[in-house]
Protein chains: 2
Amino acid sequence: MSENKSKHQQVIEALAVADGPMSANELWEHLRSNPSLNSIGIATVYRSLKKGVEDGELVPVELESGSVRYESSGLQHHHHFLCSTCSRAYDVEGCVKNLDKLLPQGFEMTRHEILLYGLCADCKMAG
Amino acid sequence: MSENKSKHQQVIEALAVADGPMSANELWEHLRSNPSLNSIGIATVYRSLKKGVEDGELVPVELESGSVRYESSGLQHHHHFLCSTCSRAYDVEGCVKNLDKLLPQGFEMTRHEILLYGLCADCKMAG
DNA sequence: CCGTGAATGATAATCGATTATCATGCCGTG
DNA sequence: CACGGCATGATAATCGATTATCATTCACGG
């Protein structure tokens, strides 16, 4: 029946409403714990992520060593916050000026990323 | 004889004069190609990096997925440039203001990293 | 000169992430 | 209903990075 979403769609949509980029494993655990769907295999998550990138719906984001996260493409310019306790990544809005001033002579910059580290609101409250 | 440096020292010193953080593999290739020392094993590089961090001489830097780079501790505040052609990381001096404004409500920031991407001077010249 | 311990290097082993494989279930069509 | 194709899941295989192992070398003190 068409009202049932494919697992692939569920991966894409989970990222569409996420508050930050997620890794394959994070997505897997998130989707498995969702009661509205039976279960999902890690292989399907990887397949959907790969396809999502090929289709231009998703963008890989590498914030640290060890894993690649993914976010919906077409988000407006933003940066990321990494919680040192729960390891989750959050989108943060906005940007800063004068980044060009950091660029060394002779270098050419095509893009940039700003990473904030610390405690997210949840972990800060959990104390 | 004491005028001969240990391999460990050579690893530490190579990082001390590097223009950016280096991975174990980058260091290995760099040191192997140096005519002033016979050769060095990758195991020694890893050992020296680990010891360097334990001793507080080195700091691990994670800029992207896949590998950890290391830099001398005690460098003044700086950020990094990643060349998309040669994949090398370069230190860039300076910082920017108003990073706090990016921080979401309820979050606590302990540090930050700014990453510039593009072509380094060498790769830009090489066309 | 011999024994001991640290440093080193080659390489096997491990580890986490990702991909490949293969069998199964399901759906629509003829 | 039988068939063909696609989505899925379990899991084996792979891959790169890192660590562990083990034998060798070398400097030094007895």
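Proteins get letters first, then strands, A, B, ... in listed order; numbering begins at 1 in each.
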| Protein proximity profile, nucleotides 5-10 of chain C - base contact B, sugar-phosphate-only contact S, no contact -, cut-off 4.0 Å on heavy atoms | ---BBB
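If you measure from atom CG of A:Leu31 to atom P of D:dT8, you get 12 Å, rounded to the nearest angstrom. Remark: P of D:dT19 and CG of B:Asn25 are 14 Å apart, rounded to the nearest angstrom. Atom pair B:Glu26:CD and D:dG16:C1' shows a separation of 14 Å (rounding to whole Å applied). Taking atom CD of B:Glu29 as the reference point, atom P of D:dG16 lies 14 Å away to the nearest angstrom. Rounded to whole Å, atom P of D:dA17 lies 14 Å from atom CG of B:Leu27.
Counting non-hydrogen atoms of other residues, nucleotides and ligands closer than 6.0 Å to CD of B:Glu54 gives a total above 12.
Contact annotation: B:Tyr46 side-chain N/O to D:dT18 OP1/OP2 distance is under 4.0 Å.
For B:Asp19, the side-chain hydrogen bond (donor to acceptor under 3.5 Å, both in side chains) criterion is met by no residue, not counting sequence neighbours. Qualifying ring-ring contact (aromatic ring centres under 6.0 Å, His included) partners for B:His112, counting only residues two or more places apart in sequence or in other chains: B:His77, B:His79. Every side-chain hydrogen bond (donor to acceptor under 3.5 Å, both in side chains) that B:Tyr90 has, sequence neighbours left out, goes to B:Arg88. For A:Tyr70, the ring-ring contact (aromatic ring centres under 6.0 Å, His included) test picks out no residue, with sequence neighbours left out. Applying the side-chain contact (heavy atoms from CB on, under 4.5 Å) criterion to B:Ser39, with sequence neighbours excluded, gives no partner residue.
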